[in-house]
Protein chains: 4
Amino acid sequence: MDRRLTRRGRARRDQLVDFAARRFAENGYHSTSVTDIVNGLGVGKGVFYWYFASKDELFCEILADAQRSLRRRQQQAIADEDDPVRRLEQGMRASITWLGAHPHLFALVQLATSEERFAGMVRAGEDVAVADTARHVKEGMATGRIPGGDPFAVAHAVLGVTNHLTRALVVERGEKPDDVADAAVAFCLHGILARPTTP
Amino acid sequence: MDRRLTRRGRARRDQLVDFAARRFAENGYHSTSVTDIVNGLGVGKGVFYWYFASKDELFCEILADAQRSLRRRQQQAIADEDDPVRRLEQGMRASITWLGAHPHLFALVQLATSEERFAGMVRAGEDVAVADTARHVKEGMATGRIPGGDPFAVAHAVLGVTNHLTRALVVERGEKPDDVADAAVAFCLHGILARPTTP
Amino acid sequence: MDRRLTRRGRARRDQLVDFAARRFAENGYHSTSVTDIVNGLGVGKGVFYWYFASKDELFCEILADAQRSLRRRQQQAIADEDDPVRRLEQGMRASITWLGAHPHLFALVQLATSEERFAGMVRAGEDVAVADTARHVKEGMATGRIPGGDPFAVAHAVLGVTNHLTRALVVERGEKPDDVADAAVAFCLHGILARPTTP
Amino acid sequence: MDRRLTRRGRARRDQLVDFAARRFAENGYHSTSVTDIVNGLGVGKGVFYWYFASKDELFCEILADAQRSLRRRQQQAIADEDDPVRRLEQGMRASITWLGAHPHLFALVQLATSEERFAGMVRAGEDVAVADTARHVKEGMATGRIPGGDPFAVAHAVLGVTNHLTRALVVERGEKPDDVADAAVAFCLHGILARPTTP
DNA sequence: AATGAATGAGCGTTCATTCAT
DNA sequence: GATGAATGAACGCTCATTCAT
């Protein structure tokens with residue numbers, strides 16, 4: 001569905017994308033009908049299909065946009081950083097901040113995970129995130145900062161902490177992203193246990 | 001929908017629960033119709049509504065069963081353990097093992113998370129799990145084994161690691177639960193960084 | 001869509017087939033909606049899809065039934081006949097009578113011809129009719145009653161005359177099938193021209 | 001929808017007519033959307049409705065053009081012919097040649113036959129063709145070349161043979177129009193049976 | 001306890017047509 | 001003359017639920 005759009009057309013399309021993204025995040029994919037979307041915007045049903053080939057396609061586009069946008073933010077955050085552990089940390093902070101700022105897109109990804117149709121996209125996006133993270137872990141291992149082990153397992157663990165804390169504390173309990181990021185980073189770097197005090 | 005059931009009735013009911021749980025996990029809630037379920041078992045539609053008031057109710061029951069079952073397993077695993085850090089560890093191991101052994105129930109929980117109707121139940125179950133975990137963390141803090149901080153944040157982080165590693169490594173990549181549990185425990189206890197070697 | 005049907009179910013199904021066949025014949029395939037059909041019978045929409053997998057499938061079934069029924073009639077009509085020319089004639093008479101008695105099924109075939117989806121079925125049915133007819137022609141040629149030539153072309157010509165006269169004279173102008181059959185047979189056997197009178 | 005058209009306008013209009021005629025013939029009336037037509041030509045939707053009041057109107061125009069064109073061809077073919085039987089023959093040959101040369105317009109007529117909206121036009125055109133043919137038959141009867149009978153029935157039979165053989169042999173099996181015309185003429189003039197040889 | 005049959009609101013999608021620019 | 005945008009009724013089809021037997 002590639003169409004030469006006028007300015008007005010582009011505006012309408014963006015309107016649809018934004019509105020639909022919010023509805024999907026709030027009500028889920030199935031419970032958000034195309035009728036809901038167009039009624040919500042006060043336009044005819046044909047408008048939807050003028051801009052999108054299907055409800056599926058729209059959802060995929062929103063999802064892909066969100067994934068792209070988050071990754072771009074992460075990469076900006078670590079661009080000037082040499083130290084792999086600092087890159088890991090900055091990546092986590094960037095993720096938590098972005099996800100906290102776009103809770104509905106975060107919700108969308110959760111949603112997509114459990115919808116066979118979209119699970120592939122999510123998995124692919126996650127693979128990219130894991131690869132990004134694992135790269136830093138490997139570098140840290142190379143310099144001895146991080147002890148040996150499976151860098152992918154570690155990367156997954158970091159992702160698990162980041163996502164879970166963001167959802168539970170930032171999105172659901174409204175805590176401040178920076179504080180949550182501090183906790184997440186501390187947990188990932190040192191774990192639970194007290195460091196044995198060097199005498 | 002509480003019915004005095006004959007032995008045969010109970011068997012039928014269990015059959016429905018098991019079959020539906022698998023279908024839900026494989027195809028999702030919406031893509032599994034009541035028709036699918038009864039056809040899959042070769043029975044008439046009336047059977048379904050004889051035992052369950054609605055599709056919703058059945059799903060809730062499956063979900064509640066799964067949550068109960070997992071929690072029971074966790075509590076068995078830590079029953080004989082005094083040390084809070086060991087209890088934390090044993091709880092994680094029990095979870096990973098159980099989730100790895102019942103991947104379809106794990107999938108069901110993911111599913112429920114993103115379905116407004118069931119999200120409440122999932123959240124409630126998660127709250128219980130967090131409280132369970134946080135109790136050990138608090139004890140660890142009391143004894144000084146774990147440095148101060150927000151025990152709930154720590155508990156959420158532990159949950160995030162446990163769930164994410166189980167899904168990514170055990171369910172999706174078929175790694176052995178015990179190995180994954182080792183990695184998860186190590187990550188949670190010590191984090192990423194090498195311990196400064198005491199001279 | 002094969003279902004174990006009760007007596008009531010079979011009755012309902014037949015009702016749908018009959019009603020739909022008439023509607024299709026009168027209004028065409030596209031102009032007859034599933035809604036029209038179920039409303040016409042005063043039943044809910046689900047009833048239609050309980051008995052048929054799709055509108056397409058129903059149409060195909062009606063078409064196939066009609067083709068089968070006509071052919072059966074033709075074969076009964078020639079069963080006791082040895083002379084190939086008489087078989088040709090009886091076949092034509094049987095067709096004209098049957099088509100005149102079931103004008104709506106005749107219309108359905110015309111309809112299907114120009115609907116890409118069904119054209120294949122019609123063509124296949126026609127091929128059978130041509131083969132049936134050509135067999136008699138070939139026998140007639142073997143015995144010298146019919147001069148040499150392409151038996152298939154002749155068979156097609158016979159079909160063309162039969163169908164066209166039935167539609168134009170019997171269906172559209174209400175002439176008696178027997179009279180039309182006489183004219184059709186005469187035309188096919190002797191053509192237009194007067195036989196040169198043997199002195 | 002009568003518009004004073006510039007030269008460019010006339011060209012555009014013809015382009016639409018030609019393109020639409022082919023699409024209709026290939027895909028059918030319903031399966032050819034106005035959108036298909038304008039997209040196929042790379043123009044906007046407005047263009048269509050600038051030249052035609054509706055999709056219906058365009059189809060009717062194409063149909064009328066085809067009917068006119070075929071009839072003109074037939075009349076040219078018999079203009080110089082006095083003998084009614086020869087006129088009959090030449091008319092058939094002209095029809096078969098023209099229909100073979102414009103198979104898509106032939107298809108269009110078949111199409112229109114089974115679409116209530118257009119059936120009237122087709123019937124009217126057929127009535128003209130029958131009248132044309134019947135006139136020759138009547139003259140043949142007057143001169144005794146053709147034995148008495150219903151000239152309309154004969155005319156319909158001739159039409160049936162012509163159309164059916166053209167479709168089955170020329171259009172569908174690619175045989176040469178001249179050969180098919182020979183077969184059609186022979187069949188119509190002499191029928192199937194061998195002439196009794198005059199001793 | 002269980003069946004086959006029925007309901008009907010709702011879904012995603014299409015498309016002839018109109019309109020503002 | 002021509003465009004892209006918009007309309008909205010209608011379509012084929014699904015499905016949770018109910019009902020008569």
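Just so it is clear: chains get the letters A, B, ... in the order the sequence lines come, proteins before strands, and each one is counted from 1. Predicted, not measured: the structure shown is a model, and the values here were computed from it.
- Nucleotide E:dA6 holds its C1' atom 15 Å from the CG atom of C:Asn39, rounded to whole Å.
- Note on C:Lys45: a base of the nucleic acid sits closer than 4.0 angstrom, heavy atoms only.
- Within 4.0 Å of B:Gly9, counting heavy atoms only, lies no atom of the nucleic acid at all.
- For the pair D:Phe52 CZ and E:dC15 P, the computed distance is 20 Å after rounding to whole Å.
- Residue contacts for A:Tyr51: at a heavy-atom cut-off of 4.0 Å it reaches the sugar-phosphate backbone alone, with no base atom in range.
- One atom, CZ of C:Arg7, and another, C1' of F:dA20, lie 16 Å apart when rounded to the nearest Å.
- With respect to A:Phe52, the ring pair (Phe, Tyr, Trp, His ring centres under 6.0 Å) criterion is satisfied by exactly one of A:Trp50, A:Tyr49, A:Phe48: A:Phe48.
- Regarding contacts with the backbone of E:dA5, a side-chain N or O of C:Thr6 is found under 4.0 angstrom from either OP1 or OP2.
- Looking only at distances, a side-chain donor or acceptor of D:Arg13 sits under 3.5 Å from a matching main-chain atom of D:Tyr51.
- Residue-level contact check: C:Val34 touches the backbone only, with heavy atoms under 4.0 Å from sugar-phosphate atoms and none from bases.
- We find that CZ of A:Arg3 is positioned 14 Å from P of F:dT3, with the value rounded to whole Å.
- Summarising the geometry, the separation between CG on B:Leu41 and P on E:dT3 is reported as 10 Å, rounded to the nearest angstrom.
- Taking atom P on both F:dT21 and E:dA1, the two are 22 Å apart, rounded to the nearest angstrom.
- Going from atom OH of B:Tyr49 over to atom C1' of F:dT21 covers 20 Å, rounded to whole Å.
- For F:dG12, neither phosphate oxygen OP1 nor OP2 lies less than 4.0 angstrom from any side-chain nitrogen or oxygen of C:Ser54.
- With a cut-off of 3.5 Å on both pairing distances, the Watson-Crick or G-U wobble partner of F:dA20 is E:dT3.
- With the nearest nucleotide of DNA chain F identified for both D:Gly46 and B:Gly46, D:Gly46 has the one nearer the 5' end.
- The side chain of D:Arg10 contributes no N or O atom lying less than 4.0 Å from OP1 or OP2 of F:dG1.
- At least one side-chain heavy atom of B:Phe106 sits less than 4.5 Å from a side-chain heavy atom of B:Gln110.
- In this structure, a donor-acceptor pair under 3.5 Å is present between the side chains of A:His30 and A:Glu115.
- Taking atom CH2 of D:Trp50 as the reference point, atom P of E:dA16 lies 21 Å away to the nearest angstrom.
- Where C:Arg12 and B:Gly42 meet DNA chain E, the nucleotide closest to each residue was compared, and B:Gly42 sits on the side nearer the 5' end.
- Side-chain atoms of B:Tyr29 and B:Asp56 form a donor-acceptor pair, as typed in the model, at a separation below 3.5 Å.
- Nucleotides of DNA chain E nearest to A:His30 and C:Arg8 differ in position, and the one nearer the 5' end is that of C:Arg8.
- Atom pair D:Arg13:CZ and F:dA2:P shows a separation of 13 Å (rounding to whole Å applied).
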